[in-house]
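Since the structure is predicted, the reported quantities are computational estimates derived from the model, not experimental observations.
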Amino acid sequence: MSLSPTIHIAAQPDDLTEQLQSLFDRHEGMLHIVLEPGIHRCGGLRLRSNLTIEIVKGSELHFIPDYEAYAHTMVAIVAEESDRAMMTAVGESNIALVGGGRIFCAGSTLYTHGEDGDMGTLVASRYRPRILVLDGCKNIRIEGLRIDDSPMWTMHFAACDTIQVKGVAVDNDRRMPNTDGIVIDGCRNVDIIDSEFRTADDGIVLKTTRREDGTLTGPCENVSVRNCVVESRSCALKLGTESFSAFRNISFEDVRIEKSNRGLGIFSRDGGVVDGVRFVRISVDCHETPAGFWGSGEAITITVLDRRPEEFTAGKVCNVLIEDVEGTIEGAINMVAETEGGISDITLRNIALEQKAGPLKTGLRYDIRPTIDDRFDRFPIGDKSAGRVNAWRFGPDGQIIGLIAYPGGMPAIFTKGVSNLVTENIRIGRPEPLPENWNREIVVNAAASS
């Protein structure tokens with residue numbers, strides 16, 4: 001039986017890409033690479049089976065801030081025009097990234113060009129690599145690392161089986177678009193434990209996507225998130241919007257959501273059903289954001305809309321338990337389906353929220369983006385006056401499509417197209433007197449099309 005070699009790499013000023021890749025490719029069987037304290041610089045890495053990369057405390061892995069440095073680590077799933085990753089693998093198994101060190105990517109300084117003053121965001125470069133993309137891999141462990149300043153999605157796992165993320169801290173610039181903390185895309189048997197995600201985009205997001213060649217990543221099943229902290233200027237805990245396959249047996253427990261836009265979100269658009277989701281013991285701190293951000297200050301959002309009606313209707317959302325949720329919000333709880341019964345069998349139990357007036361007043365409308373009009377293939381190429389791709393689209397009236405005033409003003413809970421909603425022990429404090437354009441009714445139900 002061959003022994004697993006451990007190779008220590010000392011910090012040096014040179015680019016380590018070729019050295020590391022050669023080690024991965026040359027050694028057969030188990031391989032353990034240890035990056036010693038100091039700064040290590042490299043470009044794209046193709047990971048392989050039976051590989052452990054240990055970034056020890058005091059060690060920093062700095063990825064070269066040049067999109068062309070990742071021309072040989074392209075990926076099959078294009079996201080926000082990104083088709084490259086700093087580290088990637090396809091069909092491999094037994095991969096571990098561990099240690100007490102840091103991965104740094106200079107996203108907010110070297111993949112941007114100016115600021116968008118109206119939005120309060122940086123203007124990101126068109127082409128930006130993700131940090132880690134693993135596709136069709138099995139037995140993955142990410143533990144103990146700090147990952148800072150990603151230019152795009154931080155970690156993306158597609159069609160993978162058996163993933164453990166433990167004790168990881170992601171800290172991205174809160175003005176940098178598309179910097180999701182972790183994307184679980186058509187994966188099974190996933191545990192995310194004792195971790196922290198702070199980012200401008202979604203914190204922990206589950207998707208079921210379709211690749212460029214038309215194949216699907218598959219369903220998301222048996223995913224557990226426990227004892228985590230999330231800060232997000234988008235949605236902290238999210239399912240969708242990419243939803244070509246089903247979501248089943250998904251659980252979020254004991255999560256603290258801080259200084260975020262939306263708290264809990266389910267967004268069905270592409271045909272896959274959502275059946276069996278639990279949000280339990282969640283604290284929220286939700287604040288309004290400018291109108292270009294999806295949503296504004298909601299604790300809970302569930303929306304079901306047809307984004308590709310020429311192919312299929314959006315999958316139904318059913319059997320969702322939301323229990324023991326407390327905190328403050330500047331928006332409302334809203335659940336909206338285009339057709340009656342598109343959302344069903346929802347339980348809200350032990351909800352204690354304080355609903356406050358936000359300074360931007362963007363929470364006074366509910367948000368059903370992304371709509372069919374936000375699809376890339378329907379967006380006028382090069383016409384910046386139309387809006388921003390995958391963010392907002394202006395209608396003929398000059399208003400953002402998908403932002404809709406609540407009938408009679410903002411309530412605490414708004415539902416449309418929801419059947420079998422169970423509410424138990426709901427306590428929502430509201431200011432008195434009510435601010436302008438607030439609804440005196442706590443709960444407002446609107447009819448959807450049949």
Side-chain angles (χ1 to χ4, degrees), residues 1-11 15-37 40-57 59-63 69-70 72-77 84-103 129-147 153-168 182-195 217-218 221-224:
M1 182 176 67
S2 61
L3 296 177
S4 171
T6 298
I7 299 175
H8 292 256
I9 306 294
D15 178 355
L16 291 173
T17 310
E18 291 187 12
Q19 179 183 354
L20 289 174
Q21 192 64 60
S22 177
L23 288 172
F24 301 165
D25 298 341
R26 188 172 69 247
H27 287 267
E28 296 182 0
M30 302 292 293
L31 177 63
H32 185 173
I33 300 291
V34 179
L35 300 183
E36 296 290 358
H40 304 259
R41 294 181 175 85
C42 74
L45 297 173
R46 298 183 304 276
L47 309 183
R48 50 88 153 176
S49 294
N50 303 314
L51 173 66
T52 296
I53 300 177
E54 182 179 356
I55 306 173
V56 302
K57 185 176 181 179
S59 175
E60 297 193 3
L61 180 56
H62 287 211
F63 281 99
Y70 309 98
H72 63 292
T73 48
M74 298 182 70
V75 298
I77 300 175
R84 302 177 187 184
M86 297 171 177
M87 294 181 286
T88 186
V90 178
E92 305 291 347
S93 60
N94 305 319
I95 295 173
L97 300 175
V98 301
R102 177 179 183 239
I103 296 173
R130 282 160 273 179
I131 293 178
L132 175 68
V133 178
L134 301 183
D135 191 344
C137 296
K138 187 173 183 178
N139 295 331
I140 302 155
R141 181 166 64 99
I142 316 293
E143 184 171 352
L145 295 174
R146 181 180 184 90
I147 307 175
W153 295 359
T154 308
M155 292 177 279
H156 182 191
F157 302 97
C160 294
D161 192 342
T162 311
I163 303 168
Q164 184 183 77
V165 177
K166 183 176 182 180
V168 171
I182 184 168
V183 179
I184 303 299
D185 182 355
C187 298
R188 300 182 178 188
N189 306 315
V190 180
D191 286 305
I192 303 173
I193 312 164
D194 303 332
S195 294
T217 57
E221 296 178 322
N222 306 326
V223 179
S224 175

Student: Quick one, S49 and N94 - any side-chain contact, counting heavy atoms below 4.5 Å?
Tutor: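 S49 vs N94: side chains apart.
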Student: Can you name the nearest heavy-atom pair linking I77 to A158, along with the distance?
Tutor: CD1-CB, 3.5 Å
Student: Indicate yes or no for a side-chain donor-acceptor contact from H72 to the backbone of G44 under 3.5 Å, with no hydrogens or angles considered.
Tutor: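 Looks like yes, one N/O pair under 3.5 Å.
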Student: Without swapping roles, check the side chain of T162 against the backbone of N139 for a donor-acceptor pair under 3.5 Å.
Tutor: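 Not confirmed, T162 side chain does not pair with N139 backbone.
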Student: Using the rule given for side chain to side chain contact (heavy atoms under 4.5 Å, CB included), can you reason through Y70 versus V75, listing the C-alpha separation, both sets of side-chain angles and the distance that settles it, and then say yes or no?
Tutor: CA-CA 10 Å; Y70 309 98; V75 298; over 6 Å; no
Student: R141: which residues meet the side chain to side chain contact (heavy atoms under 4.5 Å, CB included) condition with it, sequence neighbours left out?
Tutor: A96, V98, E143, Q164
Student: Any chance you could measure C160, atom SG, to N189, atom CG, to the nearest 0.5 Å?
Tutor: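 Reported value, rounded in 0.5 Å steps: 11.5 Å.
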Student: To the nearest 0.5 angstrom, please state how far the CG atom of L145 sits from the CE atom of M155.
Tutor: 8.5 Å
Student: Of all the heavy-atom pairs spanning N50 and R48, show the shortest one and how long it is.
Tutor: O-NH1, 3.5 Å
Student: Just so I know, are the side chains of Q19 and I9 near enough to count as touching, which here means a heavy-atom distance under 4.5 Å?
Tutor: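 Q19 reaches I9 side chain to side chain.
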Student: Which atom pair, heavy atoms only, marks the closest approach of I103 to F63?
Tutor: CG2-CE1, 3.8 Å
Student: Give a yes or no on this: more than 12 heavy atoms of other residues, nucleotides or ligands lie within 6.0 Å of atom CD of E18.
Tutor: no
Student: With sequence neighbours excluded, tell me which residues meet salt bridge (charged side-chain N to carboxylate O under 4.0 Å, His left out) with R102.
Tutor: E60, D148
Student: To the nearest 0.5 Å, what is the distance between CE on M87 and CG on L61?
Tutor: 6.5 Å
Student: Given 3.5 Å as the limit, does a donor-acceptor pair link the side chain of S22 with the main chain of L20, or not?
Tutor: no
Student: Do S195 side-chain atoms and G167 backbone N/O form a donor-acceptor pair below 3.5 Å?
Tutor: yes
Student: Give me the atom names and distance for the closest heavy-atom approach of L31 to L23.
Tutor: CD2-O, 3.5 Å
Student: So, does T73 use its side chain to make a donor-acceptor pair with the main chain of A85 at under 3.5 Å?
Tutor: yes
Student: Tell me the closest heavy-atom pair linking I163 and C187, and the distance in Å.
Tutor: CD1-SG, 4.0 Å
Student: Quick one, R41 with D15, criterion side chain to side chain contact (heavy atoms under 4.5 Å, CB included). Give me CA distance, side-chain angles, the key distance, then yes/no.
Tutor: CA-CA 5 Å; R41 294 181 175 85; D15 178 355; 5.6 Å; no
Student: Using the side chain to side chain contact (heavy atoms under 4.5 Å, CB included) rule, take V168 and I182 through it: C-alpha gap first, then chi angles, then the decisive distance, then the call.
Tutor: CA-CA 11 Å; V168 171; I182 184 168; over 6 Å; no
Student: Do I55 and H40 come within less than 4.5 Å of each other through their side chains, counting heavy atoms only?
Tutor: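 Answer no - side chains too far apart.
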Student: Closest approach of G99 and E54, non-hydrogen atoms and distance?
Tutor: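 Closest approach of G99 to E54: CA-CG, 4.3 Å.
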Student: Would you say the side chain of E92 lies within less than 4.5 Å of the side chain of L51, judging by non-hydrogen atoms?
Tutor: no
Student: Roughly how far apart are D161 CG and C137 SG, rounded to 0.5 Å?
Tutor: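 It comes to 11.0 Å.
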Student: Rounded to the nearest 0.5 Å, how far does CD1 of I142 lie from CG of L134?
Tutor: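 Here the rounded value is 6.5 Å.
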Student: With rounding to the nearest 0.5 angstrom, report the CD1 to CG distance, I53 to L45.
Tutor: 6.5 Å
Student: Evaluate the criterion side chain to side chain contact (heavy atoms under 4.5 Å, CB included) for residue pair L47 and L132; output intermediate values, then yes/no.
Tutor: CA-CA 10 Å; L47 309 183; L132 175 68; 4.2 Å; yes
